[in-house]
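Structure first, commentary second.
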Amino acid sequence: MLHSKPKEDNYLHKGLRKQLVQTLKEKGIKDERVLAATEAIPRHFFLDQAFERRAYEDKAFPITAGQTISQPYTVAYQTQLLEVKKFDKILEIGTGSAYQACVLAELGATVYTIERQKALYDFVSQFFFIKNYSSIKRFYGDGYEGLPSFAPFDKVIVTAAAPFIPPKLIAQLKPGGIAVIPVGDDSGQKMLRITKDKDGSVHEEEMGDFIFVPMLSGKNPLAP
Ligand code: SAH
């Protein structure tokens, strides 16, 4: 895998990205900044050579360690629900390929992102493109714990299927903050947008059906 070596981003890739943005608009993504970030980030950089030609299809693809890069629509939708503002401090659970983290960083956020698979964490450390984003802080750990020493966060995003709303993540959300978490089992999940009011009370809204890989507890130090 040539993940550590820069790849080219040519007019063909850029053209395919414009088409992808058009598809996302047709599927209901309205936030212009999210669309601009999708257009700016070369998704083919994040994929194995074998999938590179399909990088701008609106589909999830396998990455390393049996994990996936989320579908572009899902990334855009979760990002839109987060209402990202410049300088937001965001906690992400499930770094995966780091594509979602790059979208958030492109919007001007500082991203604290946790991955439980050591192999995947190390893989992203070698990724040439991640070095462009000093506002992405990566951690190898268990997302159920969040990052108490960096809390509180303006926003929390979980990119794996949580069996329940992880209480520590809500505790680490600022009053006035938003968390976006797919909750359910392997038959499917509801996207929940959870808002914490200024007085600390928490509200949930259901925002549609999705399928993610499971949010598992504990760290995994083993190679896949
Ligand atoms: N945001 C990613 C999507 C990755 S898929 C992207 O843009 O590519 C979900 C990821 O969540 C997987 O890499 C999986 O290993 C990770 N994950 C699952 N449970 C976790 C947990 N408890 N803590 C941290 N990461 C977790």
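Here the structure is a predicted model, which means the values were calculated and not measured. In listed order, ligands and their atoms are each counted from 1.
- Of the candidates Phe61, Tyr56, Tyr99, Tyr99 is the only one forming a ring pair (Phe, Tyr, Trp, His ring centres under 6.0 Å) with Phe46.
- Applying the side-chain contact (heavy atoms from CB on, under 4.5 Å) rule to Thr74 yields the partners Gln71, Gln78, Phe210, Phe212; only residues at least two apart in sequence or on another chain are considered.
- Between Asp154 and Lys174 there is a salt bridge, since at least one side-chain N of the basic residue sits less than 4.0 Å from a carboxylate O of the acidic one.
- The shortest heavy-atom contact between Arg43 and Ala60 is NH2-CA, 4.3 Å.
- For Thr79, the side-chain contact (heavy atoms from CB on, under 4.5 Å) partners two or more places apart in sequence, or in a different chain, are Val34, Val75, Val84, Gln100, Val103, Leu104, Leu107.
- Residues passing the salt bridge (Lys or Arg N to Asp or Glu O under 4.0 Å) test with Glu57 are Arg54, Lys59, sequence neighbours excluded.
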Where does ligand 1 get N/O contacts under 3.5 Å from the protein, atom by atom?
from, atom 1, to, atom 2, distance (Å)
ligand 1, 1 (N), Glu92, OE2, 3.0
ligand 1, 1 (N), Gly94, O, 2.9
ligand 1, 1 (N), Thr159, OG1, 3.1
ligand 1, 7 (O), Gln100, N, 3.1
ligand 1, 8 (O), Ser97, N, 3.1
ligand 1, 8 (O), Ser97, OG, 2.7
ligand 1, 13 (O), Glu115, OE1, 2.7
ligand 1, 13 (O), Glu115, OE2, 3.4
ligand 1, 15 (O), Glu115, OE2, 2.6
ligand 1, 19 (N), Leu216, N, 3.0
ligand 1, 22 (N), Asp142, OD1, 3.1
ligand 1, 22 (N), Leu216, O, 2.6
ligand 1, 23 (N), Gly143, N, 2.7
ligand 1, 25 (N), Arg116, N, 3.3

